[in-house]
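Written below as structure tokens is the structure these notes are about.
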Amino acid sequence: MSINIFKINEELKEFIPQEVIDLEEKATWGNPKRGVMDLPYAKELLEEHSLCAGCPESMAFRYILASLPNPEDTIIVNSTGCTSLVFPHIALHTVHSLFGNQNAVATGIKRTLEWRFPDKVKDVIVLAGDGATVDIGLDCTLQSFFRQEKITTICFDNEVYANTGGQESGTTVQGHVFKMAPKGKQWPKVPMWQLAIDSGCHYVVRMSVSSPKKVEQVVKKAIYVAREVGPTYLHFYTPCILEIGLNSDDGLMEMRDKDKERFKFFEYVSPQAEEVIAKKKEEGLL
Amino acid sequence: MATLGPSHYSPYPVAVYENILPPPPGKALLFTEVVDEEVAMREAAKAMLTRENPTIFPGPQVIYAWNEEAKEKARLIRELAEVLEAKIIPMVDYRPKYPKIDPEKEINPNHPNLTIWHNNIKACIFVGVHCHYANVALKIIRAETDCFTIALCSNAGHEDAMITLRDQHADELRKFIEIAKEVKKEVK
Ligand SMILES: Cc1ncc(C[n+]2csc(CCOP(=O)(O)OP(=O)(O)O)c2C)c(N)n1
Ligand code: SF4
Ligand SMILES: [Mg+2]
């Protein structure tokens with residue numbers, strides 16, 4: 001990979017559609033200070049999305065993609081679910097893994113890149129739903145934490161298997177009724193952020209994506225810590241407005257409500273991670 | 001239109017099931033026949049120079065300036081288009097687009113037939129499209145259109161194209177341009 005893969009050959013430029021020229025000229029490349037404040041001005045790395053109208057996952061995608069400090073050298077591994085339908089539209093290298101295998105696949109990619117490009121910074125990020133991260137893929141997720149893989153794992157927690165029509169997941173709240181969980185969930189929500197800490201993650205956050213600036217900050221911290229120390233984990237509330245019966249413009253209010261309760265901002269930083277974050281702040285990158 | 005073909009799960013007829021394989025190194029494929037590279041280049045030039053709306057579809061490997069060879073190839077493709085009096089319609093990347101692409105300006109591997117139909121293209125050249133997407137797109141074009149497809153491939157070639165030239169790099173492109181100039185004198 002190289003930033004040159006976004007540079008269009010002059011000889012062919014006149015035949016290239018404007019949005020692709022914009023991607024070269026108006027997207028933010030090679031600038032670790034890029035962030036959500038660029039959104040109104042810069043070309044986004046997501047051309048369009050295929051989620052339900054107003055789905056908070058689409059907001060989360062936009063904020064995360066705007067915040068990557070090194071997009072030209074970032075690979076995102078995803079898993080099956082609503083999120084996976086968005087990945088083909090992203091103008092970065094993304095890899096679709098078998099459902100639940102995402103952290104194992106990311107491990108292989110990260111290790112290979114370290115071996116192949118020892119002098120280059122390559123960020124590997126996993127981005128998957130709660131079903132993929134906390135249920136079916138829990139083994140691969142935790143094992144990658146135990147092994148101290150230098151990858152950032154982001155879970156879009158919509159508290160349900162949304163893409164398959166509303167089955168309860170490990171992160172569904174106790175008592176919640178879904179189309180295919182008619183009796184209500186019998187057990188409490190899995191505190192995945194706590195499991196991540198206990199399993200060796202160095203930077204862990206639980207929050208909703210109601211605040212773009214906050215998303216930018218935690219994404220950057222998680223990536224910088226993963227680069228230098230070890231696994232990091234971000235647990236984002238991205239409610240499935242379809243399955244909980246909200247309108248397209250209700251997503252933000254739903255997240256703000258939950259900011260006060262089960263998705264109250266929570267951040268864990270290990271001592272090594274503290275050092276990295278302090279250094280990046282000194283460098284003006286956070 | 002596509003039918004449930006002989007190729008098991010593929011809805012399209014697929015060349016390998018008709019015992020058509022990519023050409024061996026140093027050779028080219030002309031329909032079902034393994035031929036010398038020059039022969040295939042002449043036929044390719046003839047197809048482009050005599051059929052309606054000839055078009056070159058450059059892919060990401062030649063559109064983007066990711067290495068020196070890509071820059072040189074872009075220049076040569078421009079020259080080739082001039083010699084063949086062909087249009088250039090790019091396949092900029094492989095992202096799906098909703099509701100659909102603008103078929104006048106681009107071609108997408110997921111529905112390449114839209115561009116071919118819309119522009120009534122009867123001969124085309126694929127160059128710089130990554131293998132798996134060239135494979136998919138050429139199969140769809142083969143099944144859904146009457147377009148004469150030519151693959152200028154830098155690897156092993158594509159049996160689903162009507163003419164496959166393999167191991168094509170800048171030198172081979174230069175050779176093709178020279179042959180195209182000769183053929184042009186003969187047919188025009
Ligand atoms: C190995 C495998 N098992 C099951 C499935 C079926 N499946 C597709 S999407 C999905 C649910 C995804 O839920 P989640 O990870 O929470 O993502 P969401 O759709 O909620 O964003 C399941 C079970 C699959 N595609 N592959
Ligand atoms: S089903 Fe739910 S999570 Fe999936 S796109 Fe629609 S609102 Fe978003
Ligand atoms: Mg989910």
Side-chain angles (χ1 to χ4, degrees), chain A residues 1-27 29-30 43-53 55 58 61-62 65 71-73 75-76 78 82-96 116-117 120 122, chain B residues 55-83 86-111 114-115 119 124-125 127-130 132-133 136 170 173 177:
Chain A
M1 286 175 299
S2 121
I3 200 163
N4 291 334
I5 63 169
F6 299 98
K7 289 209 178 101
I8 299 160
N9 274 314
E10 282 304 320
E11 284 80 1
L12 296 176
K13 209 162 196 167
E14 71 182 89
F15 307 104
I16 305 298
Q18 189 57 42
E19 75 258 21
V20 178
I21 293 177
D22 287 349
L23 205 53
E24 177 191 355
E25 294 175 355
K26 296 197 189 131
W29 305 111
K43 172 74 178 165
E44 292 186 48
L45 303 184
L46 186 61
E47 191 63 47
E48 49 198 3
H49 72 73
S50 41
L51 300 165
C52 298
C55 174
S58 64
F61 262 112
R62 295 181 70 191
L65 290 170
E72 57 277 11
D73 279 306
I75 289 192
I76 312 183
N78 75 103
C82 288
T83 51
S84 61
L85 303 178
V86 180
F87 277 86
H89 304 277
I90 296 177
L92 296 182
H93 287 284
T94 68
V95 177
H96 183 87
R116 174 75 177 75
F117 303 99
K120 268 199 146 186
K122 303 272 185 188
Chain B
T55 305
I56 299 180
F57 298 129
Q61 294 185 90
V62 293
I63 288 174
Y64 299 99
W66 60 288
N67 64 16
E68 289 308 312
E69 195 192 351
K71 291 182 201 168
E72 176 63 0
K73 277 188 173 174
R75 204 189 56 69
L76 291 166
I77 286 163
R78 230 9 239 268
E79 196 183 331
L80 181 65
E82 272 155 35
V83 174
K87 260 201 287 189
I88 292 181
I89 297 182
M91 188 182 281
V92 288
D93 59 26
Y94 311 124
R95 290 184 286 170
K97 278 199 173 178
Y98 298 124
K100 73 177 179 70
I101 53 148
D102 176 352
E104 240 156 71
K105 297 214 177 78
E106 54 185 316
I107 179 165
N108 186 283
N110 307 297
H111 35 64
L114 297 185
T115 301
N119 300 292
C124 72
I125 293 178
V127 56
V129 178
H130 288 88
H132 42 307
Y133 285 103
V136 169
L173 267 172
I177 290 169

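Order of the sequence lines fixes the chain letters, A, B, ..., with proteins taken first and strands second; residue numbering starts at 1 for each chain.
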Exercise. Heavy-atom distance under 4.5 Å to chain B: side chain of Phe87(A), backbone, both or neither?
Worked result: neither
Exercise. Where do Lys71(B) and Glu11(A) come nearest, in terms of heavy atoms and distance?
Worked result: O-OE1, 4.4 Å
Exercise. Between Trp66(B) and Asn4(A), which heavy-atom pair has the shortest distance, and what is it?
Worked result: CA-CB, 3.7 Å
Exercise. Would you call Val92(B) and Pro17(A) a side-chain contact if the rule is heavy atoms closer than 4.5 Å?
Worked result: yes
Seminar exercise, completed: Looking only at Ile89(B), Asp102(B), Val62(B), most heavy-atom pairs under 4.5 Å shared with chain A are made by Val62(B)
Exercise. Checking heavy atoms, do the side chain of Leu23(A), its backbone, both or neither come under 4.5 Å from chain B?
Worked result: side chain
For this session: Among Glu106(B), Lys105(B), Arg78(B), find the one that has a side-chain contact (heavy atoms from CB on, under 4.5 Å) with Phe15(A).
Result: Arg78(B)
Exercise. Is it the backbone or the side chain of Glu14(A) that comes under 4.5 Å from a heavy atom of chain B, or both, or neither?
Worked result: side chain
Exercise. Who wins among Ala81(B), Pro96(B), Pro60(B) for the most heavy-atom pairs under 4.5 Å with chain A?
Worked result: Pro96(B)
Problem set entry | Note, Val20(A) side chain near Tyr64(B) side chain (heavy atom, < 4.5 Å) | yes
Exercise. With a 4.5 angstrom heavy-atom cut-off, which part of Gln18(A) approaches chain B: side chain, backbone, both or neither?
Worked result: neither
Seminar exercise, completed: CG (Leu12(A)) and CD1 (Ile77(B)) are apart, to the nearest 0.5 Å, by 6.0 Å
Exercise. What are the two closest non-hydrogen atoms of Glu47(A) and Arg95(B), and how far apart are they?
Worked result: CB-NH1, 3.8 Å
Problem set entry | Expected output: side-chain Asn9(A) to main-chain Ala70(B) donor-acceptor under 3.5 Å | yes
